[in-house]
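Take a look at the structure set out below.
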Amino acid sequence: MSTELENLRARFGRFLVALLWLHVPVLGAVAWLTGFSVAGAMAAGAVVAGAYHLMWWRYGTAPSTRYLSAVALVGEPALFLYLLRDNSWQMDMHMYFFAMLALTIAWFDRRTLLVAATAIALHHLVLLYLLPYAVFPSEGNLARVLLHAAIVAFQTAVLVWLTNMVVESFERISRMGTEIVAKNAALEERTREAEDANRAKSMFLANVSHEIRTPMNAILGFCHLIQRTDLDLRQKDYIAKINGAGVSLLRLINDILDFSKNEAGKLQLEQRPFDLRASIRSQIQLVEADAAAKGVAVEMQIADTVPCMLVGDELRFNQVLLNLLSNAVKFTNAGKVTVAARQISLTDREATVELSVKDSGIGMTGKQQAALFRSFTQADSSTTRRFGGTGLGLAISKQIVELMGGEIHTQSEPGVGSTFIFTIRMPLHDDHQDNMPVPAPQLRNLRILAADDNAAARQIIGEIFRHWEMPVDLVASGAEAISAVEAAVRQGKPYDLLLLDWKMPGMDGMETVRAMRANPLLPRLPVTLMVTAYGTEKFAAEIGEVKIGAFLNKPVEPRALLDTISGLFASAGSAEPAPAEGPAAAPMVAPALRGLRVLLVEDNDINLEIATELLSDAGLQIDTAGNGRIACDLVAERGASYAAVLMDVQMPELDGIEATKIIRRQWTPEDLPIIAMTAHAYEEERQRCFAAGMNDHVAKPVDPAALVRALDRWLRPRQEQTAVVVPEPSTSAVAPRTDLPAELPPFGLEAALARVNGKTALLRKLIVNFGRSYADVAQNLSRMIADGEIAEARRVAHTLKGVAGSLELPGVQRLAADIERLIAGGELEGISGRLEALASEIAPAIAAAARLTSGTAATETAGRVATVNEKEVSAAREVLREQLQRRNLKARASFDAYAAAMGLAPEASNNHPVRQTLDRLDYEGALALLDKETEPSAATAERVRAIS
Amino acid sequence: MLTSFFEPCRQHGELIRKPIRDDRGLRDLAPAAVLLAAGLLGLIVASLSAGERNGQYLVIAAPWSGFGQTIRLIMAAEGSFIEAGRFGNIAIAASSHPDFETHARNAGAWLVFPSPRLAGCLGLSTRTSEQ
């Protein structure tokens, strides 16, 4: 039975209770009017209503209740008829029978209708015909009774027909409802399955893309390195092509990673303040070279009302804009691309900005536009052939824009051009003024000339200086620049600073400088700042004897430009060109910030030493604290003297998070910035740092440039600062010492040196310390876990991870990270395998570190060094033997450890018969060779001892 | 409280999902039939017993009585026969005797009522007194 029908019956059943009880007083009133017994009439009405009420209460809408209700309903007019029997209204009261009969249709039950009709018929027959006929034979009008019966029968037939139709309709609707519900459930199930499958696919893509990126980075890295070696022209061409293909592939993989990450819901946007104008400028600069090559002019139109600083993910915003700009340039020949930004709405907290990229390119048809934002789709398949690209760029852009709370659409006309319009909704940055670089007052009066052949580049530079309220003159070529400089000298108002684009048609930047130097009319030249989009290496190779003040890479960052200008004019009034900042120089904080004191909180000696050197090189004074507790005490004692705190996160006694919370009770993030330094690269860890009140996060192993950028961002010059001691950066970077071998596998010396600003002595010390501190780390970790010192074990693993990263031991770093994760997750069952792997992975590093202390660095000879540790060799050999017996692929890594313990140089190790046999995956052969080698090892050891 | 007055004893939701009792055929008709029978009987009794006391009576004898027996019965109760009913055991009698009803019952009448005024569908019945 349909639920709807049951609902209707229930409502009607309830209504009848009220209706029948309402008849009781009416019956009383009629009895009173007609002279009958009021009590008797009301009692009769109460019996009828009570009988129904009892059935309703007991059986609800059951058939018995319905049938009884039919009799009760007919009973009411019968009672009225009796009360009005001497009254002229008696005949009219007959209509009430029909009303009551009609009312029973609301049960939607034909049997109830038939019961009601039967009751009416019986009533009439017995009381209105048989009884009078029995008593007064002349009475009892059968014809009338029959007429009434016929009408009742007709009405009943109509009502039954109607009831049947309604019931059938309800049943049909009910069946449809059930089917819809069932189909919906099936549909939901299918949708869920499809979503799961899609998510799984995206996760798979994301994982695979991520895994592919690692070897791709290696391919590109080695391409880069091999390009720096002596190659003939053909080899150079091949390598360049490999590199180009690799870059394309990496770009595609990055696109797929982004796309699938977003599909899987894993793409998270950062929330950091950024300068919208600077972002737009930098993206324009990135496409400028390509645009110029195609004769495309790029223009920027940013409305004044657009807020300067927004909070959002600058990188992702740039990705969207760059994608649109690249497309615009790609599809335009000798035309114009305009980037415009305008504010759509602004509240106290957030702004909605609309950005558009308009080109005068080939345009698109409506059909092409419709397919644009779908993944792996371009305007049409011929587009891919003509212009390349994956078709993922716009799909990713759409995802990112939607994540930013906006939308993207396009307007286009074939042959006229296209306009891509997107909106972003981002919170406003509260104290944006603090983050805008502001030039020092003495710089405001500089007279500046900028020369660039590209109109957009000129516009950008002009806007930057205008923003700083510094006057700037703009010219479009080297020749114009020379004329302008000459004219200024003639007027007695020479330029102080000249910004020159390196590559210009006609006379390029270098030629312009040479021409000015050779010009007798120019006794004194302005400080020259060369701007290049072609990379520092190429530039450095060409710079030769031409003396320039400094150079800047495009895109020109306002902060970098200001830092450079501040550096060039550091000594007030001096217009002498400052020496060019060499690429190998240690990165330093902005001049105004040098000499500030920072508190470095770090529990690990090696990390502490690295960070101290980096900060000292950056021009800062450093206090150190070994854990969070000491840091809190120091801040409480002399917090005002610190410009910032650099805080490790995992430390004994009191960790960085807790220490930050304590410090934040007294110090706001503006008064004392705290920058996290942690080996955790996870977003949630970063968020934990921010939630605790830290201002920023620098990942370990620390990249000196990233550290300095973070410091520049957060440090504030002190007003009261007068005669601060500025630590001189060490010059060891340019004069590397020789007490570290050129190679010390498995340490990645080159990268590790970069981390310590090229300080070989420091790195040597760090490696020696590492060897001493971590020789038995695997055993120690094992013991700690066995003794239940879980927290300590985790801390040790965490620290090892950071240190190994700093010293470029990726294998050890990875294993330490694994172990830390396992400990953190309480998965201690499988940890012994990892610890064993760590022991074999770290052994070569420990051995290499030990060689440094013994003063015999690895040599390039194929023989063994004199200081072989027999115990170590024996242990490494046993590990190797075991893995060879188990035919384990890790045997090769174990051989490396064994070779390192034996003191073999990389070349000797690679040429070793055991290694070569292993490379063929011939485990039995390798084992036989190893066993053969074991026999004479005793004699060798004796020889070694004799030598020593 | 008022709401529960209108509700069945079972939960409303249960009621909606399923009728409280399944269709049991004729047994479901029993309460309705009882009410109908009781109602009709009550109305018949009420109709017959609502006559005015004007010296005329409806006399109902045993169903097997013929007109002669019914008339003799009336005569024995010191009444006079006025009109015969459709059946031999029904007749209208007149008597000025106040104990006519008792006498008639003693003489064998099953039921004796003051003469009723029975209405048909049309309305008022013919008054016996007017005949």
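Chain A is the first sequence line, chain B the second, and so forth, proteins listed ahead of strands; every chain is numbered from 1.
The contact between Leu36(B) and chain A is made by backbone and side chain atoms together, counting heavy-atom distances below 4.5 Å. Contacts between Ala51(A) and chain B at a heavy-atom distance below 4.5 Å involve the side chain alone, from C-beta outward. For Ala18(A), the parts lying near chain B are the backbone and the side chain together; criterion is any non-hydrogen pair under 4.5 Å.
Counting heavy atoms from C-beta outward, Trp56(A) and Pro8(B) have side chains that approach closer than 4.5 Å.
Contact residues of residues 20-49 of chain A toward chain B are Trp21(A) (heavy-atom distance under 4.5 Å).
The ring-ring contact (aromatic ring centres under 6.0 Å, His included) check on Trp89(A) picks up nothing, with sequence neighbours excluded. By the side chain to side chain contact (heavy atoms under 4.5 Å, CB included) test, Ile105(A) is found to be paired with Leu159(A), Leu162(A), Thr163(A), residues two or more places apart in sequence or in another chain being considered. Legend: residues meeting side chain to side chain contact (heavy atoms under 4.5 Å, CB included) with Ala84(B), ordered by chain and number and at least two apart, are Phe67(B), Phe81(B).
With rounding to the nearest 0.5 Å, the separation of CG in Leu79(A) from CG in Leu43(B) is 6.0 Å. Distance check, rounded to the nearest 0.5 Å: CZ of Arg111(A) to CG of Asp28(B) gives 8.0 Å.
Nearest approach of Leu127(A) to Ser47(B), heavy atoms of both residues: CD2-OG, 4.0 Å.
Here the rule is side-chain contact (heavy atoms from CB on, under 4.5 Å) with Pro31(B), and of Val71(A), Thr65(A), Leu68(A), Leu54(A) only Leu68(A) fits it.
Highest contact tally toward chain A, considering only Ile60(B), Leu35(B), Leu40(B), Ile90(B), is held by Leu35(B) [criterion: heavy-atom pairs under 4.5 Å].
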